[in-house]
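Read the structure below first, then the notes.
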Amino acid sequence: MKLSNMNNGQVGQIVSLDALETGARKKLMIMGVLPNTQVRLVRTAPMGDPLQIEVRGVSLAVRKSMAEQIEVECK
């Protein structure tokens, strides 16, 4: 499933960032968004973009277009 398809409050594990372009992938990885890392979708903005996620105790805002390229496995 894609990160953008998760429901608010849902927890999953990042499987792959391979669909992202190199620059975007590096930025996310520096912020702790790595494969095999737990991620929680905190909320989605009223217009659907951006999404607030929590990774390793840090809250991040991610564009929906990027979230559509991040593969997660939900628990």
Side-chain angles (χ1 to χ4, degrees):
M1 137 183 275
K2 301 297 181 182
L3 179 60
S4 60
N5 295 335
M6 290 175 65
N7 296 319
N8 291 347
Q10 192 171 12
V11 176
Q13 186 169 340
I14 298 171
V15 176
S16 173
L17 302 170
D18 293 339
L20 290 167
E21 62 180 58
T22 305
R25 183 175 39 238
K26 282 184 181 180
K27 286 179 185 179
L28 288 173
M29 292 176 87
I30 288 169
M31 291 187 280
V33 181
L34 300 164
N36 301 320
T37 302
Q38 183 173 308
V39 63
R40 181 173 70 95
L41 180 62
V42 177
R43 64 182 162 192
T44 304
M47 298 298 282
D49 194 25
L51 290 80
Q52 181 183 359
I53 62 171
E54 185 177 85
V55 179
R56 299 175 185 243
V58 177
S59 183
L60 303 170
V62 178
R63 289 215 159 270
K64 187 173 184 175
S65 59
M66 290 179 85
E68 290 172 344
Q69 299 177 48
I70 299 173
E71 189 74 31
V72 295
E73 182 178 287
C74 292
K75 297 180 180 182

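These numbers come from a predicted model, not from an experiment.
In this structure, CG on Leu41 lies 8.0 Å from CD1 on Ile53, to the nearest 0.5 angstrom. With values rounded to the nearest 0.5 angstrom, Asn5 atom CG is found 12.0 Å from Ile70 atom CD1. Put simply, CE on Met66 and CG on Leu51 are 11.5 Å apart, with the number rounded to the nearest 0.5 Å.
Hydrophobic clustering keeps Val42 apart from Val39 (ILVMFWY residues linked when any side-chain heavy atoms are closer than 4.5 Å, directly or through intermediates). One hydrophobic cluster holds both Met1 and Val55 under the rule that ILVMFWY side chains link at heavy-atom gaps under 4.5 Å.
Atom CD of Glu68 sits in a crowded spot, with more than 12 heavy atoms from other residues, nucleotides or ligands closer than 6.0 Å.
The side chain to side chain donor-acceptor pair (under 3.5 Å) check on Ser59 picks up Gln52, with sequence neighbours excluded. The salt bridge (Lys or Arg N to Asp or Glu O under 4.0 Å) check on Glu71 picks up Lys2, with sequence neighbours excluded. Partners of Ser65 under the side chain to side chain donor-acceptor pair (under 3.5 Å) rule, at least two apart in sequence or in another chain, do not exist in this structure.
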Please tabulate, for side-chain N and O atoms in residues 25-34, each donor-acceptor pair with protein atoms closer than 3.5 Å (sequence neighbours left out).
from  : atom 1 : to    : atom 2 : distance (Å)
Arg25 : NH1    : Leu17 : O      : 3.4
Arg25 : NH1    : Asp18 : O      : 3.3
Arg25 : NH1    : Leu20 : O      : 3.1

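The minimum heavy-atom distance linking Met6 with Gly12 is given by the pair CE-N, 3.8 Å.
Among residue pairs with one or both ends in residues 30-53, those qualifying as salt bridge (charged side-chain N to carboxylate O under 4.0 Å, His left out) are Arg40-Glu54, Asp49-Arg63; sequence neighbours excluded.
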